[in-house]
Amino acid sequence: MASSSSYNSPCAACKFLRRKCMPGCIFAPYFPPEEPQKFANVHKIFGASNVTKLLNELLPHQREDAVNSLAYEAEARVRDPVYGCVGAISFLQRQVQRLQKELDAANADLIRFACNDIPTALPAPPPPIVPRQRPLEFNRRIGNQSGADQGSVYHQPPHAYTSHPYNLPWNIDNSSGDINEGGGGGDGNI
């Protein structure tokens with residue numbers, strides 16, 4: 001006998017409203033007797049007659065989703081009467097924004113640390129450029145050979161670079177704009 005009474009037990013909605021649960025009860029599929037608080041919250045926030053009207057207007061395959069949404073909003077309204085689920089959504093959005101900022105900062109740190117490690121991972125820089133020496137025959141053809149250099153094969157120009165193997169822009173004093181002309185403190189012959 002106990003099994004037949006539990007088999008015919010009213011749904012949570014009918015039990016809460018203290019009415020007899022009929023075989024075609026619109027609440028029975030969505031408010032089982034094991035979840036009485038679910039209907040209590042929905043009834044407190046939306047009212048039983050509004051929920052009945054809503055469920056009757058929906059197609060049968062849409063009703064379960066609607067009841068789940070109503071139950072979620074009702075529970076959120078019980079917890080936070082002013083904002084309801086909007087308060088939870090706002091809280092989660094702020095948390096996502098904060099975590100996004102933390103993630104951006106962590107990525108910036110990773111990039112900065114990775115860039116600091118790059119010079120040690122690269123090969124050594126090439127050796128400094130040594131001034132070019134020209135063969136003696138070249139100088140002989142252009143008439144710049146002195147008597148002391150006749151026995152040597154290579155000749156160093158008289159304006160040999162002292163500290164830099166290239167002309168610095170502030171050392172160049174020419175009106176033609178040619179960066180290879182002049183500079184270096186020599187006589188200009190190469």
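- Closest non-hydrogen pair, Leu58 versus Ala66, comes out as CD1-CB, 3.4 Å.
- A single hydrophobic cluster is seen to contain both Leu55 and Val42, as judged by linkage of ILVMFWY side chains at heavy-atom distances under 4.5 Å, directly or through other members.
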Exercise for review: Might you work through the side-chain contact (heavy atoms from CB on, under 4.5 Å) test for Val86 and Asp80, ending with a clear yes or no?
Suggested key: CA-CA 9 Å; Val86 174; Asp80 185 357; over 6 Å; no
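- Taking the side-chain contact (heavy atoms from CB on, under 4.5 Å) definition, one finds that Ser69 meets it with nothing, sequence neighbours left out.
- Clustering ILVMFWY residues whenever any of their side-chain heavy atoms sit less than 4.5 angstrom apart, transitively, puts Tyr72 in a cluster other than the one holding Val67.
- Judged by distance alone, the side chain of Asn56 and the main-chain N or O of Thr52 form a donor-acceptor pair under 3.5 Å.
- A distance of 12.0 Å separates CG in Asn50 from CD1 in Ile45, rounded to the nearest 0.5 Å.
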With a 3.5 Å cut-off and sequence neighbours excluded, list the donor-acceptor pairs that the side chains of residues 22-39 form with protein atoms.
residue: Gln37; atom: NE2; partner: Asn41; partner atom: OD1; Å: 3.0
residue: Lys38; atom: NZ; partner: Tyr30; partner atom: O; Å: 3.2

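- Through chains of ILVMFWY side-chain contacts below 4.5 Å, Phe91 is grouped with Leu92.
- Residue Tyr83 shares its hydrophobic cluster (ILVMFWY side chains chained together at separations under 4.5 Å) with Val82.
- Going from atom NZ of Lys15 over to atom CG of Leu17 covers 12.5 Å, rounded to the nearest 0.5 Å.
- Within 6.0 Å of CZ on Phe46 lie more than 12 heavy atoms contributed by other residues, nucleotides or ligands.
- Among residue pairs with one or both ends in residues 63-75, those qualifying as salt bridge (charged side-chain N to carboxylate O under 4.0 Å, His left out) are Glu73-Arg77, Glu75-Arg79; sequence neighbours excluded.
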Please tabulate, one pair per line, all N/O donor-acceptor pairs under 3.5 Å involving side-chain atoms of residues 99-111, not counting sequence neighbours.
residue: Gln100; atom: NE2; partner: Asp104; partner atom: OD1; Å: 3.1
residue: Glu102; atom: OE2; partner: Arg98; partner atom: NH1; Å: 2.9
residue: Asn107; atom: ND2; partner: Leu103; partner atom: O; Å: 3.4
residue: Asp109; atom: OD1; partner: Arg112; partner atom: NH2; Å: 2.3

